[in-house]
Participant: 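Please see the structure below; I have some questions.
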Amino acid sequence: MGLKIAIQKSGRLNEDSIKLLNDCGLGIRNGHNQLKSKAENFPVEVYFLRDDDIPQYVEDGVAHAGIVGENVVFEKNKSVEVLERLGFGKCRLSIAIDKNDQYTDPSFLMNKKIATSYPFLTQQFLDKHSIDAEIHEISGSVELAPGIGLADVVCDLVSSGSTLFMNGLKEIETILNSQAVLIRSKNLNDEQNVFLDQLLFRIRAVRKATNNKYVLLNAPNESLDQIISLLPGMKSPTVLPLAEKGWSSVHTVLSEDEFWEKIEKLKEAGAQGILVVPIEKMIV
Ligand code: PRT
Ligand code: ZN
């Protein structure tokens, strides 16, 4: 029967979700005008839903797994399991106030009106700091609420911060850092678990590959020891002689995080002709 996976129908997570599943070899077409679509190469059916509905579908087992922002997972507070962070859809849920107001600590929020689409997480934050405040749940354009006198404060998703800035607001507290995650239902049968494990294996290989680069460089033999000491490699770097005497070619894998710093050090150590190549899949 296979797996049913729920992803966002349209919006910020739609394209990256489809790309991830296709990088895993599933073969899915975009579902703008359809509710579901069968993968061509894997026993998976994809359901295209509003992101807000995904945790409920997964809790009920109507979808066996889903891709959705952590912000939605924690706000909906359904009984689902977060399996893996997926590295896209990054944002934070933050509290913001008038840019001219002085803020020192959460007691500022006492008896204020807070507009948000995230009442559960906002209340959780208030409770943690023993603050009494009034939450106004609104479903969109939260950042406009102070300007029209609906609220003093907002609690909304932020990525670049430009929406807050343009509305004369400033961020004062981050409640949650969020990104897209793979969630799963708690009631899967053995066959569904096997398929989901296979999919997770592929997702990890794709994610590892995007976080890593294949690096090739030329080095004079007298610098080889120093250069190799800078490089991790999957086991250890590959070293091959060049046609030109006294020179070698060194191949290795570097993670995105350490990449720029390492490249500088490699150049200082005498590396030349450095090539950086994307990796498609990485299985370690
Ligand atoms: O129709 P559906 O209900 O499925 O979609 P939606 O309108 O609820 O969600 P959508 O597509 O806007 O966002 C889906 C998910 O993307 C969110 O749940 C987050 O997990 C993630 N995400 C990442 C964001 C943002 N970044 C983001 N910047 N979701 C919303 N925003 C909005 C924010 O609400 C604010 O209005 O963008 C604005 C702020 O952006 P900056 O860059 O100006 O700070
Ligand atoms: Zn939504």
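Ligands are counted one by one from 1 in listed order, and the atoms in each one are counted from 1 as well.
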Participant: Return the option from E171, K90, R12 holding the heavy atom at the smallest distance from atom 12 (O) of ligand 1.
Facilitator: R12

Participant: Would you say the side chains of N221 and S248 form a donor-acceptor pair under 3.5 Å?
Facilitator: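 S248 and N221 do have a side-chain donor-acceptor pair below 3.5 Å.
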
Participant: Which atoms of ligand 1 are found less than 4.0 Å from any heavy atom of G11?
Facilitator: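 So the atoms of ligand 1 that pass are 11 (O).
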
Participant: Report the part of V72 (side chain from C-beta onward, or backbone N, CA, C, O) that has a heavy atom under 4.0 Å from ligand 1; answer both or neither where that applies.
Facilitator: side chain

Participant: Counting from 1, what ligand 1 atoms have a heavy atom of G89 closer than 4.0 Å?
Facilitator: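 Within the 4.0 Å cut-off of G89, ligand 1 contributes 21 (C), 23 (C).
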
Participant: Below the 3.5 angstrom mark, is there an N/O of R50, backbone or side chain, next to an N/O of ligand 1?
Facilitator: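 Indeed, backbone or side chain, R50 has an N or O that close.
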
Participant: Please indicate whether any nitrogen or oxygen in Y118 is less than 3.5 Å from any nitrogen or oxygen in ligand 1.
Facilitator: no

Participant: Verify, without hydrogens or angle tests, whether N22 (side chain) and G27 (backbone) share a donor-acceptor contact under 3.5 angstrom.
Facilitator: yes

Participant: So which heavy atom in the protein is nearest atom 28 (N) of ligand 1, and how far is it from that ligand atom?
Facilitator: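 Its nearest protein heavy-atom neighbour is S159 OG, 2.9 Å.
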
Participant: With sequence neighbours left out, what residues match N193 under side-chain hydrogen bond (donor to acceptor under 3.5 Å, both in side chains)?
Facilitator: R184

Participant: Judged by atom type as modelled, is there a donor-acceptor pair below 3.5 Å linking the side chain of K78 to the main-chain atoms of Y57?
Facilitator: no

Participant: When you measure from atom 26 (N) of ligand 1 to every protein heavy atom, which one gives the shortest distance, and what is it?
Facilitator: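 Its nearest protein heavy-atom neighbour is C91 CB, 3.4 Å.
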
Participant: Counting heavy atoms only, which part of D156 comes closer than 4.0 Å to ligand 1: side chain, backbone, both or neither?
Facilitator: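 Only the side chain of D156 comes within reach of ligand 1.
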
Participant: Suppose we measure from atom 5 (O) of ligand 1 to each protein heavy atom; which comes out shortest, and what is that distance?
Facilitator: Q8 NE2, 2.9 Å

Participant: Please write out which residues are connected to L164 in a hydrophobic cluster, directly or through intermediates, given that two of Ile, Leu, Val, Met, Phe, Trp, Tyr count as joined at side-chain heavy-atom separations below 4.5 angstrom.
Facilitator: I138, V142, I148, L150, V154, V158, L169

Participant: Can any side-chain N or O of Q192 pair as donor or acceptor with the backbone N or O of N189 at less than 3.5 Å?
Facilitator: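 Yes; judged by distance alone, with no hydrogens or angles, the pair exists.
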
Participant: Which protein N, O or S atoms sit under 2.8 Å from the Zn ion (ligand 2)?
Facilitator: D51 OD1, D52 OD1

Participant: Please list, in number order, the atoms of ligand 1 under 4.0 Å from a heavy atom of G69.
Facilitator: 20 (O)

Participant: Under 4.0 Å from atom 7 (O) of ligand 1, can you find at least one protein heavy atom?
Facilitator: no

Participant: Indicate yes or no for a side-chain donor-acceptor contact from N218 to the backbone of G273 under 3.5 Å, with no hydrogens or angles considered.
Facilitator: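 Checked: no pair found.
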
Participant: Considering non-hydrogen atoms of the protein only, which is the closest contact for atom 44 (O) of ligand 1, and what is the distance?
Facilitator: G161 N, 2.7 Å

Participant: Which residue supplies the protein heavy atom nearest to atom 35 (C) of ligand 1, what is that atom called, and how far is it?
Facilitator: L157 O, 3.5 Å

Participant: Starting from atom 38 (C) of ligand 1, what is the nearest protein heavy atom, named by residue and atom, and what distance separates them?
Facilitator: T163 OG1, 3.6 Å

Participant: Are the side chain of K262 and the backbone of L230 linked by a donor-acceptor contact shorter than 3.5 Å?
Facilitator: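 Yes, the answer is positive, given that a donor and an acceptor are paired below the 3.5 Å cut-off.
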
Participant: If hydrogens are left out, which of L13, N167, N71, V73 has an atom nearest to atom 20 (O) of ligand 1, that is, the closest non-hydrogen atom?
Facilitator: N71

Participant: Among all protein heavy atoms, pick the one closest to atom 42 (O) of ligand 1 and tell me residue, atom and distance.
Facilitator: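 Atom 42 (O) of ligand 1 sits closest to the protein heavy atom S160 OG, 2.6 Å.
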
Participant: Taking only residues two or more places apart in sequence, or in another chain, which ones meet K208 in a salt bridge (Lys or Arg N to Asp or Glu O under 4.0 Å)?
Facilitator: none

Participant: Taking 4.0 angstrom as the limit, do E171 and R92 come out as a salt bridge?
Facilitator: yes

Participant: Keeping E75 on the side-chain end and L121 on the backbone end, is there a donor-acceptor pair under 3.5 Å?
Facilitator: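 Checked: pair present.
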
Participant: With distance as the sole criterion, is a donor-acceptor pair present between the side chains of T163 and E143 under 3.5 Å?
Facilitator: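 Not at all, the side chains of T163 and E143 share no donor-acceptor pair under 3.5 Å.
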
Participant: Using every non-hydrogen atom in the two residues, find where S37 and F48 come nearest and quote the distance to one decimal.
Facilitator: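 Scanning both residues, the minimum pair turns out to be CB-CE1, 3.6 Å.
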
Participant: Quick one: does any side-chain atom of E70 pair with a main-chain N or O of Q179 as donor and acceptor, under 3.5 Å?
Facilitator: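 Yes: the side chain of E70 pairs with the backbone of Q179.
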
Participant: State, yes or no, whether a side-chain contact exists between P55 and V72 at a heavy-atom distance under 4.5 Å.
Facilitator: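 Yes, their side chains come closer than 4.5 Å.
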
Participant: To the nearest 0.1 Å, how far is atom 14 (C) of ligand 1 from its closest protein heavy atom, and which atom is that?
Facilitator: D51 OD2, 3.5 Å

Participant: N/O of V158 under 3.5 Å from N/O of ligand 1, yes or no?
Facilitator: no

